[in-house]
Q: 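After the structure tokens below, expect a handful of questions from me.
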Amino acid sequence: MTHRDARRRFLTASGGLATLALAGCLGDGGTGDQGGMDDGSGMDGDSAMNGDGGADDDEAMDGDGGTDDDETGDDGMAESATVRVRIENVASPDFYPAETPTDGAVWITPGAYAVHEGENPVYELGESASIGLEGLAEAGPPTGFEGADGLVDELEASSVVAHSGVYAPADTVADPNDPTGEVPGAPPIAPGGAFEFEVDVSPGHRLSFASMFVPSNDVFVSTEETGIVLWPEDGDPVDGDVTDAAALFDAGTEPNAEPPGRGPDQAPAQEAPDQGADEGGVVRRLREVDDGHEYPAVGDVVQVTVTPT
């Protein structure tokens, strides 16, 4: 099977048409007004212009001609900012044997993100994964299994999330190993590829995200329990490398019966997104899972950077 065929098979087996749909505007079945993608700029719904071509009501000038109270501090300066998040696949193109379905490479799928205060809303260590996280960790799409809520839906519905969304094919800014030779490339991204998206933040906001680690049964990359601090309460918006806040996790939903790239129940080799035995386990850091298999360190898989715009 060629590299191109493996990617196409991944899209088919994982319900990839739903993922590809995220490249454009999401409808009512997507992440909603705050989490949906716009017309390709990568901005989330809070940053978009409203239907009349003007700024959204929450960000518009108030009736007295001043800025909205929620957007200003005591000194009258705006207490909001936009930051660009970049998630780059920095894995070796030959970490695994060449005969694996990914030609030895590690792939990173499109994912879901949340801006929040408090702890990471994607998972809770030592607890069962949600159905949305299971769908992402086993098959890739942040939209989840067919007929079930995806992780992006769960984050949008969470009361602890300020706003959420997806980083999708339209947010692929680089993918030199994409067999189609196009950017946006075919999801997931290969080594050298990157997703970029922008979010609006305020003091105290943090970021959490999740993408599937391919090839695997149910491994995903996410932020640690505290998420990524985007704007400290007593400082300025973060600017720089925040990879130290990321880690690899095992969803505990499907046994790691065979090494990555060797199992028939792993993406991209599996024939169906929910293929494989139920593990009935809990979410754990991957380094705490003694399955006897080899995985790279998270810093050898992704580099995450945040840049104020």
Side-chain angles (χ1 to χ4, degrees), residues 1-16 19 87-111 129 133-142 172 175-180 185-195 210-222 246-279 281 283-303:
M1 182 184 299
T2 66
H3 194 172
R4 179 188 296 230
D5 289 340
R7 278 212 182 173
R8 288 176 174 170
R9 183 173 182 177
F10 181 90
L11 293 177
T12 302
S14 65
T19 303
I87 301 173
E88 182 176 358
N89 184 340
V90 296
S92 168
D94 56 1
F95 185 85
Y96 292 116
E99 60 269 23
T100 60
T102 61
D103 290 343
V106 172
W107 295 346
I108 301 298
T109 69
L133 179 56
E134 178 181 356
L136 179 140
E138 291 186 9
T172 305
D175 198 355
N177 293 297
D178 175 16
T180 68
I189 55 171
F195 297 111
S211 284
M212 183 183 183
F213 173 102
V214 181
S216 74
N217 291 89
D218 61 348
V219 174
F220 65 100
V221 58
S222 185
L248 293 173
F249 298 86
D250 185 284
T253 58
E254 189 173 294
N256 302 334
E258 298 178 83
R262 301 291 191 180
D265 299 330
Q266 301 173 3
Q270 61 189 8
E271 297 288 347
D274 198 17
Q275 182 174 314
D278 291 332
E279 183 178 352
V283 176
R284 293 184 290 170
R285 293 183 179 88
L286 186 59
R287 64 176 179 266
E288 299 170 356
V289 177
D290 185 16
D291 60 13
H293 307 321
E294 184 179 9
Y295 303 93
V298 68
D300 294 326
V301 176
V302 294
Q303 181 180 41

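Below, all heavy atoms of this structure are taken into account, side chains as well, without hydrogens, waters or symmetry copies.
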Q: Partners of Ser211 by side chain to side chain contact (heavy atoms under 4.5 Å, CB included), sequence neighbours excluded?
A: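 Residues passing side chain to side chain contact (heavy atoms under 4.5 Å, CB included) with Ser211: Ile108, Thr109, Tyr167, Val221.
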Q: Taking all heavy atoms of Gly261 and all of Pro101, pick out the closest pair and write down the distance.
A: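 Scanning both residues completely, I find the closest heavy atoms to be O-CD, 3.3 Å.
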Q: Report the C-alpha separation of Ile189 and Phe195 in whole Å, then their side-chain angles, then the decisive distance to 0.1 Å, and conclude whether the side-chain contact (heavy atoms from CB on, under 4.5 Å) test is met.
A: CA-CA 8 Å; Ile189 55 171; Phe195 297 111; 3.6 Å; yes
Q: Quick one: list whatever passes salt bridge (Lys or Arg N to Asp or Glu O under 4.0 Å) with Arg287, sequence neighbours left out.
A: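 Per chain and number, Arg287 pairs via salt bridge (Lys or Arg N to Asp or Glu O under 4.0 Å) with no residue.
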Q: For Glu138, which of Leu133, Val219, Thr253 qualifies under side-chain contact (heavy atoms from CB on, under 4.5 Å)?
A: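 Going through the options one by one, the only one that passes is Thr253.
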Q: Could you pull out the closest heavy-atom pair between Ala105 and Pro191, with the gap in Å?
A: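 That closest heavy-atom pairing would be CB-CD, 3.8 Å.
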Q: Please lay out, stage by stage, how Asp250 and Asp218 fare under the test side-chain contact (heavy atoms from CB on, under 4.5 Å).
A: CA-CA 6 Å; Asp250 185 284; Asp218 61 348; 3.1 Å; yes
Q: Taking only residues two or more places apart in sequence, or in another chain, which ones meet Glu294 in a salt bridge (Lys or Arg N to Asp or Glu O under 4.0 Å)?
A: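 Glu294 satisfies salt bridge (Lys or Arg N to Asp or Glu O under 4.0 Å) with no residue once adjacent residues are dropped.
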Q: Specify the closest pair of heavy atoms between Pro296 and Val301, including all atoms of both residues, with the distance to one decimal.
A: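 What the structure gives for the nearest pair is CG-CG2, 3.4 Å.
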Q: For Gly104, does its backbone N or O pair with a side-chain atom of Thr100 as donor and acceptor, under 3.5 Å?
A: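 At least one qualifying donor-acceptor pair exists.
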Q: Does a side-chain heavy-atom distance below 4.5 Å link Val302 with Asn89?
A: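 Side chain of Val302 against side chain of Asn89, heavy atoms only: no contact under 4.5 Å found.
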Q: Which heavy atom of Ser92 sits nearest to which heavy atom of Asp94, and what is that distance?
A: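 What the structure gives for the nearest pair is OG-OD1, 2.5 Å.
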Q: Report yes if the distance between the aromatic ring centroids of Phe249 and Phe220 is under 6.0 Å, otherwise no.
A: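 Close enough - the centres of the two rings lie under 6.0 Å apart.
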Q: Roughly how far, to the nearest 0.5 Å, is CG of Asp300 from OH of Tyr295?
A: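 Reported to 0.5 Å precision, the distance equals 15.5 Å.
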Q: Check Phe213 against Ser216 and note the closest heavy-atom contact, atom names and distance.
A: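 The pair with the smallest heavy-atom distance is O-OG, 2.6 Å.
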Q: Closest heavy-atom contact between Val298 and Ala246?
A: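 The answer is CG1-O, 3.6 Å.
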Q: Hey, does Arg262 have a side-chain heavy atom less than 4.5 Å from the side chain of Pro97?
A: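 Sidechains of Arg262 and Pro97: in contact.
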Q: Please report the interatomic distance CG(Asp291) to CG(Asn256), rounded to the nearest 0.5 Å.
A: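 Here the interatomic distance stands at 4.5 Å.
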Q: Which one of Glu254, His293, Glu279 satisfies the side-chain contact (heavy atoms from CB on, under 4.5 Å) criterion with Asn217?
A: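 That would be Glu254.
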